[in-house]
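Only heavy atoms go into these numbers, but all of them, side chains included; no hydrogens, no water, no symmetry mates. Chain A is the first sequence line, chain B the second, and so forth, proteins listed ahead of strands; every chain is numbered from 1.
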Amino acid sequence: MDIFSEIRNIVIENLPEIASSDSLIIDPSRISVERPRDPTHGEIATNAAILAAKSANRKPRELAEFVAEKLLSDDRIAAADVAGPGFINLKLKEEAWLSVIPAILKSGAEFGRSTIGRNRRVCVEFVSANPTGPLHVGHARGAIFGDALSRLLEFVGFRVTREYYVNDGGAQVDSLARSVHLRYREANGFAVEFDANSYKGEYLGKLGRDLEAKYGEKFVDAPEHEWIGLFRGAAVGAMMELIRKDLESLGIEMDVYFSEKSLYGTGIIETTLNTLRERDLIYEGVLEQPKGKLIEDWEPRKQTLFRSTAHGDDVDRPICKSDGSWTYFAPDIAYHYDKIKRGFDELVNIFGSDHSGYTKRMKAAVAALSDGRVAFDIKLIQMVRVMEDGRAATMSKRAGEFVQLREAIEAVGCDVARFVMLTRKNDAPLDFDFAAVKEKSKDNPVFYVQYAHARICSVLRKAEQEGFDVSDTALASADLSTLRHPFESALVRRMAEWPRVVESAANSHEPHRIAYFLQNLASDLHGLWAQGNATASLRLLQRGEIATSTAKLALVRSAAIVFSCGLGILGVTPIQEMRS
RNA sequence: GGCCCCGUAGCUCAGCAGGAUAGAGCGACCGCCUCCUAAGCGGUAGGUCACAGGUUCGAAUCCUGUCGGGGCCGCCA
């Protein structure tokens with residue numbers, strides 16, 4: 001049940017009649033039905049008459065009056081006034097708002113679920129960190145964002161595949177293998193001599209010792225080609241195991257780990273490129289030197305290029321290096337072609353913001369290979385600055401002094417980490433402040449929301465002890481007519497917005513909206529609660545006032561359901577009581 | 001030189017595919033516990049929405065340009 005879409009439907013139903021002879025042509029999606037900022041403008045305002053006036057060839061205000069009159073006949077609408085350039089400001093009967101409470105109690109965690117996904121299949125690719133070490137806090141943001149978005153999309157009716165693209169085919173994993181070899185030599189009693197490309201992290205030490213235990217000194221002085229493949233495989237396997245555990249500690253489970261290496265030597269890349277070649281999107285050519293960026297040893301070279309400019313990119317992109325081997329772009333194209341062939345209706349990629357220059361060519365490739373049929377969104381995740389003692393900690397993977405995800409999770413807990421990471425829009429930088437995040441106060445949004453939920457659980461426990469039937473079925477049939485106070489009304493109206501918040505968050509791929517909504521909901525709840533301190537009649541539990549108390553319990557219980565549902569989308573466990 | 005993101009209150013940020021007088025938290029100031037969890041609540045102060053044009057009945061929101069911050073730009077992924 002979404003009261004806003006119901007009202008919206010009524011409004012639209014009442015539009016065609018007035019314009020039937022004049023061929024009403026407006027885009028229904030432009031009609032807004034929403035709560036105005038200013039409460040003096042009613043409770044729900046719509047611009048429908050303003051938009052319709054043009055095609056109906058009538059004056060907006062006049063048309064608005066006409067529609068308003070008709071809307072009044074609906075038994076949910078208490079008042080319909082025309083204001084400004086032709087807005088229709090509606091006031092609903094209190095019962096119409098209150099009906100959201102039994103609706104929530106009856107549908108439980110399903111309240112707000114929608115079908116806008118229409119069972120379409122969407123592939124959400126996220127993390128995809130190179131398998132060269134454990135995840136750090138920066139990766140965690142993308143991981144949490146991707147998982148929360150996946151949950152959100154599932155909630156609105158998409159069939160979601162969570163996917164991790166493992167970059168196990170490039171030069172980086174060779175460097176990794178060499179670093180492991182150094183550690184292996186170390187385990188054999190040799191001194192390690194790292195170079196600039198080495199991964200120096202301690203986490204490779206154990207792997208070196210394991211390999212020493214298995215192979216002794218067999219590969220200590222052996223030529224690289226004898227051990228590189230073996231070491232690379234062992235290293236990637238071990239690193240992916242680390243990463244899998246890190247994700248697990250965040251409550252994330254991927255459905256598919258797709259290996260880049262699996263694309264090589266199978267003809268898949270060649271097939272993909274042939275598909276593009278048939279569309280005249282592959283050619284041999286020479287790129288110009290990028291202006292404004294000095295490249296020491298630049299010389300024009302003939303390369304195999306992808307005509308990404310045909311699909312909106314700024315320059316065409318190389319898919320072969322000068323020695324003829326693939327660039328990273330070639331397997332990437334093949335990988336996305338594979339996604340398309342697997343039948344996804346939509347693709348979403350979560351990238352670090354340093355990939356911003358990569359999005360256009362990727363979109364060009366998907367558009368070309370799917371003939372524009374597959375929707376493709378790329379969300380760029382901005383930096384996380386880890387703050388400790390008021391200053392930013394540094395993160396450098398190769399130097400091995402990055403802030404490991406594991407440490408952060410152990411310090412603050414998975415729930416806190418998840419919520420905090422989702423309190424910013426994806427394209428805004430985020431400060432992760434260890435001190436603030438551990439604080440148990442209003443400054444900490446997680447606790448603020450959790451506290452609201454716990455308070456409700458607390459009063460429900462107490463009510464049960466005092467003999468109330470607090471089951472959802474019992475509360476759903478409560479007489480709610482005593483809920484008249486502004487704080488109670490505010491909470492009800494907030495909950496009524498939940499379904500549309502879910503939809504807008506899902507449509508825009510912005511899970512942070514859920515987090516913001518929950519903070520507002522918590523604020524409404526705490527406000528109501530505190531009123532009970534000053535005014536006895538606003539206390540939720542009142543001796544002897546069974547009907548009144550039951551109505552209030554129904555109100556807050558439905559709020560608890562919304563909290564629980566919203567936190568569930570964020571992947572955060574709602575807690576029952578704050579006392580530890 | 002080009003491309004992408006960002007610029008909203010002292011600070012950190014929301015603002016829902018344009019809507020009416022601009023929102024929250026923190027910080028500042030003033031109040032609220034013999035009473036369900038004060039880990040909370042109420043109130044006051046604080047903004048030419050970077051700037052200049054344009055589209056529109058209507059712009060923080062869309063378009064163009066300027067300034068400022070960040071990221072990226074063949075043989076790393």
Side-chain angles (χ1 to χ4, degrees), chain A residues 29-30 32 34 36-38 40-41 45-47 50 53-54 60 83-87 89 128 130 132 165 167 169-173 175 260 286-293 295 297-301 303 305 313-315 317-318 320-323 325 327-329 331-332 352-360 380 382-383 423-425 427-431 433 436 439-445 447-448 450-452 454-455 458-463 497 500-501 503-505 507-508 510 512-513 516-517 519-520 523 526-534 536 539-542 577-579:
Chain A
S29 70
R30 288 185 59 209
S32 68
E34 55 199 6
R37 270 201 282 265
D38 187 338
T40 67
H41 293 139
T46 179
N47 61 357
I50 302 175
K54 262 190 191 154
F87 289 103
N89 294 333
S128 296
N130 291 337
T132 52
Y165 182 56
N167 289 118
Q172 288 196 3
V173 286
S175 293
E260 175 197 359
V286 179
L287 286 175
E288 284 179 30
Q289 177 169 11
K291 289 172 183 168
K293 189 201 176 204
I295 299 171
D297 55 348
W298 172 270
E299 52 186 80
R301 286 196 183 117
Q303 290 175 295
L305 300 171
D313 202 358
D314 310 302
V315 290
R317 305 292 178 174
C320 283
K321 297 177 194 172
S322 48
D323 67 1
S325 64
T327 63
Y328 54 88
F329 190 34
D332 254 16
S353 59
D354 55 342
H355 283 63
S356 64
Y358 197 51
T359 59
K360 279 191 180 179
L380 297 174
Q382 265 290 348
M383 290 277 297
T423 53
R424 281 293 104 92
K425 203 163 40 180
D427 53 16
L430 179 141
D431 286 350
D433 186 329
E439 203 167 310
K440 298 184 175 180
S441 76
K442 203 180 167 184
D443 308 8
N444 182 346
F447 275 86
Y448 188 68
Q450 293 280 32
Y451 185 33
R455 274 182 147 172
S458 163
V459 76
L460 288 169
R461 277 194 302 269
K462 188 143 290 189
E497 283 190 284
R500 65 173 9 222
V501 168
E503 273 194 23
S504 72
N507 280 330
S508 56
E510 291 184 349
H512 77 276
R513 292 187 192 185
Y516 273 85
F517 173 85
Q519 292 181 66
N520 288 329
S523 174
H526 287 308
L528 172 64
W529 184 282
Q531 290 306 303
N533 291 335
R539 293 170 62 81
L540 302 176
L541 262 185
Q542 294 173 33
E577 58 184 327
M578 301 302 282
R579 296 195 181 90

Practice problem: Would you indicate which nucleotide in B:C6, B:C35, B:G15 comes nearest to any side-chain atom of A:Asp427? | Solution: B:C6
Self-check item: Set of salt bridge (charged side-chain N to carboxylate O under 4.0 Å, His left out) partners for A:Arg513, sequence neighbours left out
Solution: A:Glu510
Exercise. Kindly write out the residues that satisfy side chain to side chain donor-acceptor pair (under 3.5 Å) with A:Ser128, not counting sequence neighbours, or none if the list is empty.
Key: A:Glu125
Exercise. Check side chain to side chain donor-acceptor pair (under 3.5 Å) between A:Thr423 and all other residues, then give those that pass, not counting sequence neighbours.
Key: none
Practice problem: Give a yes/no verdict on base stacking between B:A20 and A:Phe87: centres under 5.5 Å, planes within less than 30° of parallel. | Solution: yes
Quiz item: Taking only residues two or more places apart in sequence, or in another chain, which ones meet A:Ser322 in a side chain to side chain donor-acceptor pair (under 3.5 Å)?
Solution: none
Quiz prompt | A:Asp332 and A:Tyr358: side chain donor to acceptor below 3.5 Å | solution = yes
Quiz item: Residues in salt bridge (charged side-chain N to carboxylate O under 4.0 Å, His left out) with A:Arg455, at least two apart?
Solution: none
Quiz item: What residues, two or more places apart in sequence or in another chain, satisfy side chain to side chain donor-acceptor pair (under 3.5 Å) together with A:Asp313?
Solution: A:Ser308, A:Arg317
Quiz item: Can you tell me if the side-chain N/O atoms of A:Tyr448 get under 4.0 Å from OP1 or OP2 in B:C41?
Solution: yes
Practice problem: For RNA chain B, list all stems, counting runs of three or more consecutive pairs where every pair is Watson-Crick or G-U wobble with both distances under 3.5 Å. | Solution: B:1-7 with B:67-73, B:10-13 with B:23-26, B:28-32 with B:40-44, B:50-54 with B:62-66
Exercise. Measure from the side chain of A:Tyr516, starting at C-beta and using heavy atoms only, and say which of B:U37, B:C13, B:C5 lies closest.
Key: B:C13
Exercise. Tell me, please, which residues at least two apart from A:Asp431 pass salt bridge (charged side-chain N to carboxylate O under 4.0 Å, His left out).
Key: A:Arg385
Do any N or O atoms of the protein come closer than 3.5 Å to N or O atoms of nucleotides 61-70 of chain B, and which pairs are they?
none

Practice problem: Going 5' to 3' through nucleotides 24-34 of chain B, assign each nucleotide B (protein heavy atom under 4.0 Å from a base atom), S (under 4.0 Å only from sugar-phosphate atoms) or - (no protein heavy atom that close). | Solution: -SS--------
Quiz item: Can you find a donor-acceptor pair, distance only, under 3.5 Å between A:Asn89 side chain and B:A20 base?
Solution: yes
Practice problem: Select one nucleotide: of B:C13, B:C16, B:G19, the one nearest the side-chain heavy atoms of A:Ala428. | Solution: B:C13
Between the protein and nucleotides 75-77 of chain B, are there any N/O to N/O pairs under 3.5 Å, and if so, what are the atom names and distances?
unit_1: B:C75; atom_1: O2; unit_2: A:Arg301; atom_2: NH1; d: 3.0
unit_1: B:C75; atom_1: N4; unit_2: A:Asp297; atom_2: OD1; d: 3.3
unit_1: B:A77; atom_1: O3'; unit_2: A:Asn167; atom_2: ND2; d: 2.8
unit_1: B:A77; atom_1: O3'; unit_2: A:Glu260; atom_2: OE1; d: 3.3
unit_1: B:A77; atom_1: O2'; unit_2: A:Asn130; atom_2: OD1; d: 3.1
unit_1: B:A77; atom_1: O2'; unit_2: A:Asn167; atom_2: OD1; d: 3.0
unit_1: B:A77; atom_1: O2'; unit_2: A:Asn167; atom_2: ND2; d: 3.3
unit_1: B:A77; atom_1: N6; unit_2: A:Tyr328; atom_2: OH; d: 2.9

Self-check item: Gap in Å between the two P atoms, one belonging to B:G23 and one to B:U44, rounded
Solution: 13 Å
Quiz item: Of all residues at least two apart in sequence or in a different chain, which pass the salt bridge (charged side-chain N to carboxylate O under 4.0 Å, His left out) check with A:Lys425?
Solution: none
Quiz prompt | Check: A:Gln303 side chain, A:Cys320 main-chain N or O, donor-acceptor pair, under 3.5 Å | solution = yes
Practice problem: Take atom C1' in B:U12 and the same atom in B:G46, then report the distance between them in whole Å. | Solution: 16 Å
